[in-house]
Amino acid sequence: MKLPESFYERTNVVKIARELLGKSLFTKVDGVVTGGMIVETEAYSWKERGCHAYGGRMTARNKIMFDGGGHAYVYLCYGVHHLFNVVTNREGIADAVLIRALEPIAGLKEMKRRRGELQNPIHLTSGPGKLTKAMGIDRNFNGKFLLNHDVWIENIGETVNSKHIVVSERIGIDYAREDAMLPWRFTVKGNKWVSK
DNA sequence: GCAATGATTTACT
DNA sequence: GTAAATCATTGCC
């Protein structure tokens, strides 16, 4: 069952990031469905420095974040990797959740093909740049709505016990100064697919 | 440990 | 208009 638009439109992006653990992200590219359960997320908000839209600054790149909840924000990082975000909150408010890792469920063969046959399955989706490549996500997905037929998030009935959710600081955003220490990263405890 | 890599942003003329 | 600095990472040394 796909998550309804109302799930994304809530105002507490940190809460949404936490609740996305155990949900599943799917894409359909070239007629092949690939996807996995979300095991690692990070929350971003215009109110803190780690966010591209810090202070409500809108640019050609991040304008998708100002759309209503439920849109996909995909962008190129380090000139090499695509990162996948879920836009939350109401139109005009730039909050988003970065999907950092998945546990593969569907389309394993296709994901291995995209990542290279010799890859250990553990490395298929255990990082934000890896999972986008495995699922065929690129900038063409920027601005897509997550109730579409080619990219969506489902509740597959998995529930992650709150005792198994680990809260920590976000990764790779030292430039955000004091906001880099916010406990806005959520991982599933003991899951092999969580990035290191 | 660190180079690769390019879109985006900012700082200039 | 052009140019330089920056970056929510990965994979190979």
Side-chain angles (χ1 to χ4, degrees), chain A residues 8 13-18 20-21 25 27 34 36 38-67 69 71-89 93-104 111-144 146 151 153 166-188 192-196:
Chain A
Y8 306 105
V13 65
V14 177
K15 181 175 176 158
I16 294 173
R18 186 189 182 104
L20 278 174
L21 293 181
L25 172 67
T27 62
T34 55
I38 298 168
V39 296
E40 179 173 357
T41 63
E42 287 180 9
Y44 286 86
S45 166
W46 62 276
K47 286 177 277 196
E48 47 86 22
R49 309 181 70 99
C51 182
H52 289 158
Y54 170 60
R57 204 176 83 252
M58 178 155 55
T59 64
R61 176 176 64 163
N62 68 25
K63 67 182 179 191
I64 297 299
M65 288 181 69
F66 290 83
D67 280 347
H71 289 265
Y73 173 41
V74 180
Y75 86 103
L76 189 64
C77 175
Y78 295 107
V80 182
H81 306 288
H82 299 279
L83 271 62
F84 182 86
N85 302 254
V86 177
V87 177
T88 70
N89 218 316
I93 302 179
D95 288 354
V97 177
L98 169 67
I99 308 299
R100 288 189 59 86
L102 300 174
E103 178 177 332
M111 290 197 277
K112 281 184 186 172
R113 189 184 67 75
R114 292 195 184 112
R115 296 268 303 131
E117 285 290 347
L118 300 178
Q119 295 292 333
N120 182 323
I122 286 289
H123 301 298
L124 270 181
T125 55
S126 59
K130 298 181 202 175
L131 73 90
T132 53
K133 184 173 181 186
M135 297 182 68
I137 293 171
D138 58 25
R139 280 173 307 130
N140 292 326
F141 282 75
N142 195 31
K144 282 187 186 289
L146 293 175
V151 55
I153 295 177
V166 179
V167 182
S168 56
E169 298 168 8
R170 291 175 295 176
I171 290 179
I173 56 165
D174 293 344
Y175 63 90
R177 300 158 60 95
E178 69 273 16
D179 290 326
M181 295 165 60
L182 289 169
W184 282 11
R185 175 172 179 248
F186 299 94
T187 56
V188 176
K192 296 191 298 275
W193 308 92
V194 171
S195 68
K196 59 176 168 25

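A note on names: the letters A, B, ... follow the listed sequences, proteins ahead of strands, and every chain is numbered from 1.
Stem analysis of DNA chain C (at least three stacked-register Watson-Crick or G-U pairs, each with both distances under 3.5 Å) gives B:1-4 with C:9-12, B:6-12 with C:1-7.
Atom-to-atom, CZ of A/R139 to C1' of B/dT5 comes out at 13 Å; the value is rounded to the nearest Å. When the C1' atom of C/dG11 is taken as reference, atom CG of A/N120 falls 14 Å away, rounded to whole Å. In this entry the distance linking CG of A/D174 with P of C/dT9 reads 10 Å, nearest Å. Between A/R100 atom CZ and C/dT9 atom C1' the separation is 9 Å, expressed in whole Å. In this structure, CG of A/L98 is placed 13 Å from C1' of C/dC7, rounded to the nearest angstrom.
At the phosphate of C/dT10, neither OP1 nor OP2 sits under 4.0 Å from any side-chain N or O atom of A/R115.
Annotation: side chain of A/V151 is in contact with side chain of A/L146 (closest heavy-atom distance under 4.5 Å). At a threshold of 4.5 Å between non-hydrogen side-chain atoms, the residues A/D95 and A/Y44 do not count as touching. Using a 4.5 Å cut-off on side-chain heavy atoms (C-beta onward), A/E169 and A/R185 make no contact. Looking at heavy atoms from C-beta onward, A/V167 lies in side-chain contact with A/F186 at the 4.5 angstrom threshold. For the pair A/I153 and A/Y8, the minimum side-chain heavy-atom distance is below 4.5 Å.
Considering every non-hydrogen atom in both A/E40 and A/V194, the closest pair reads OE1-CG1, 3.3 Å.
Put simply, the side chain of A/N142 gets close to the backbone of A/V74: a donor and an acceptor are under 3.5 Å apart. Of the possible donor and acceptor atoms, one in the side chain of A/E42 sits under 3.5 Å from a partner among the backbone N and O of A/I171. At least one donor-acceptor pair under 3.5 Å links the side chain of A/N62 to the backbone N or O of A/T59. Judged by distance alone, with hydrogens and angles left aside, the side-chain atoms of A/T41 form no donor-acceptor pair with the main-chain N or O of A/V97 at under 3.5 Å.
Within residues 73-83 of chain A, the residues having any heavy atom closer than 4.0 Å to DNA chain B are, in order of number, A/L76, A/Y78, A/G79, A/V80. Using a 4.0 Å cutoff on non-hydrogen atoms, the parts of residues 123-135 of chain A near DNA chain C are A/G127, A/P128, A/G129, A/K130, ordered by number. Non-hydrogen atoms lying under 4.0 Å from DNA chain B are contributed by A/R57, A/T59, A/R61, all within residues 50-61 of chain A.
Note on residues 113-133 of chain A: pairs passing salt bridge (charged side-chain N to carboxylate O under 4.0 Å, His left out), not counting sequence neighbours, are A/E110-A/R113, A/E110-A/R114. The list of salt bridge (charged side-chain N to carboxylate O under 4.0 Å, His left out) pairs with a residue in residues 43-63 of chain A, not counting sequence neighbours, reads A/E48-A/R170.
Less than 6.0 angstrom separates the ring centroid of A/H52 from the ring centroid of A/Y75.
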